[in-house]
Amino acid sequence: MVKRVTVAYALWAAGGPLGLHHLYLGRDSHALLWMLTLGGFGFGWARDALRIPAYVNEANREAEPIGVRTRSAMVPPPVGPVRFAGQVCVGIYFGTVALIGLNFLSYFYLIVLPLSVGAGVHLVSCVGQQTSDLGKTLTSCLITSPIFYGSSLSPLPISIAASITAAQHRKFKPPRPTGCTEVLGPRLYRLGLAWLAFSAPLGYCIFYNTTATLYYLSDCVSALLDVFWFFPWLRGAVEYILLIPYRILCALAGGGYTEEAWRKVLEILLKDYTEREKEALKVLLVDKEATFEEITRSYRELAKTWHPDHNPREEAEPTFIKINEAYNILLQRYKPNRFK
């Protein structure tokens, strides 16, 4: 099907930062790059305003018979400074996202980071009619990464090394057979999987840090309210003031949520355990999904088993102390007055 400049410009204006015009023109690598970088950080989307006619002509040439559009496999495409700069920038960007969302993984600096940077560089290498050697690009990343092991600036030299390797092994993509137009559904499915693979670690990191922050704030609020336990009326006044932002939000949204619903929301958001609480759960031999009643039941059974008065073994007393400490840690989490 012949591609039209007017349609491409309309999609560029409506969803250019999401790569809709590139998706229309069959440039899936370019579309994915725009989805992950919001239009090349805005600069690429603005540049597309001048490049769209050339993109449309290129897409229409792809629909011509193979004999008319055959490229020489011996002659590599020219080196483009814009493409090279894009490879370096996107490689750094992918590496930075990996540093934010995946740095807790084992062998992060040896495997995960270089593969992330290499994926970003190769994505830019595949934009348009060009491509590169993925294996050699990733190999250069894996070789460069140990030199800068543990440095937060390591995405820069790794990306430069990968971009140089990709430029040295640049080549044209093989022409597609005439009439070979892939259905939009499978293309969107693959793009969606790639987008999820990129965004899921970052989203998890943001959610984890958000819940950790809420957990800390809720503990601070609870500690502050506990100070006023001897003046119930003062405690109620302080709690009312602290909940004013929530009441304003409900009023603006037109919702009728109660403070009890707010507490339930907090409980859901704060379900993630701290490291101390995870260790306490292990000591009491229960999993993260256990209810407070199950935790208490396990604690009582273990305390009965390891109580020094009933257990003559040498490790009974330290184990019993450890069990009590673990239960007290979890008791602070589940105590009824936590949000009251």
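Values below: all heavy atoms of this structure, side chains included; hydrogens, waters and symmetry mates excluded.
Considering every non-hydrogen atom in both Ala162 and Ser140, the closest pair reads CA-OG, 3.5 Å. For Thr37 against Gly40, the heavy-atom pair with the smallest separation is OG1-N, 2.9 Å. Residue Thr144 comes nearest to Ala161 through the heavy atom pair OG1-CB, 3.5 Å, listed as atom of the first residue, atom of the second, then distance.
Side-chain contact, Gln87 with Ser125: a donor N or O sits under 3.5 Å from an acceptor N or O. The closest side-chain donor-acceptor pair between Tyr109 and Asn103, if any, does not fall under 3.5 angstrom.
Ring geometry for Trp34 against His22 counts as perpendicular: the plane angle is over 60°, on a 0 to 90° scale with 30° as the lower cut.
Arg170 places a side-chain N or O within 3.5 Å of a backbone atom of Ala167 that can act as its donor or acceptor partner. Between the side chain of Trp45 and the backbone N or O of Trp12 there is at least one donor-acceptor pair closer than 3.5 Å. Within the 3.5 Å criterion, the main-chain N or O of Val127 finds no donor-acceptor partner in the side chain of Lys173. Judged by distance alone, the side chain of His169 and the main-chain N or O of Thr165 form a donor-acceptor pair under 3.5 Å. Proximity of a side-chain donor or acceptor of Arg83 to a complementary backbone N or O of Gln130 within less than 3.5 Å is not detected. Side-chain N or O atoms of Thr137 include one that pairs as donor or acceptor with a backbone N or O of Asp133 at under 3.5 Å. Here the side chain of Asp287 pairs a donor or acceptor atom with the backbone of Ala290 at under 3.5 angstrom.
Once rounded to the nearest 0.5 Å, the distance linking CZ of Phe108 with OG of Ser154 reads 7.5 Å. Atoms CD and CG, on Glu317 and Asn311 in that order, are 11.5 Å from each other to the nearest 0.5 Å. Distance check: Cys141 SG to Ile111 CD1 gives 13.0 Å after rounding to the nearest 0.5 Å. A distance of 11.5 Å separates CG in Leu18 from CG in Leu11, rounded to the nearest 0.5 Å. We find the CZ-CD distance between Arg27 and Glu58 to be 5.0 Å, quoted to the nearest 0.5 Å. Here the OH-CD1 distance, from Tyr24 to Ile52, works out to 11.0 Å after rounding to the nearest 0.5 Å.
Considering Leu138, Val90, Val117, Thr131 in turn, Thr131 is the only one that fulfils the side-chain contact (heavy atoms from CB on, under 4.5 Å) rule with His122. Screening Leu302, Asn328, Thr305 for a side-chain contact (heavy atoms from CB on, under 4.5 Å) involving Ile323 leaves a single residue, Leu302.
Atom CD of Glu314 is surrounded by 12 or fewer heavy atoms from other residues, nucleotides or ligands within 6.0 Å. Few gaps surround NZ on Lys3; more than 12 heavy atoms of other groups in view lie less than 6.0 Å from it. The local environment of CZ in Phe104 is crowded, with over 12 non-hydrogen atoms from other residues, nucleotides or ligands closer than 6.0 Å.
In this structure, Phe94 and Val121 have side chains that are not in contact, with every pair of non-hydrogen atoms separated by 4.5 Å or more. In this structure the side chain of Tyr299 never reaches within 4.5 angstrom of the side chain of Leu330, judged on heavy atoms.
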Open item on the list: Under the criterion side chain to side chain contact (heavy atoms under 4.5 Å, CB included), I'd like the reasoning laid out for Thr319 against Lys322: C-alpha separation, chi angles, the key distance, then a yes or no.
Closed with: CA-CA 5 Å; Thr319 303; Lys322 193 174 183 180; 5.5 Å; no
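When the salt bridge (Lys or Arg N to Asp or Glu O under 4.0 Å) test is applied to Lys282, the partners found at least two apart in sequence or on another chain are Glu279. Phe41 meets the ring pair (Phe, Tyr, Trp, His ring centres under 6.0 Å) test with Tyr93; sequence neighbours excluded.
Counting Ile, Leu, Val, Met, Phe, Trp and Tyr side chains that sit under 4.5 Å apart, directly or through other members, Ile147 shares a hydrophobic cluster with Phe148.
Aromatic ring centres of Tyr55 and His30: separated by under 6.0 Å.
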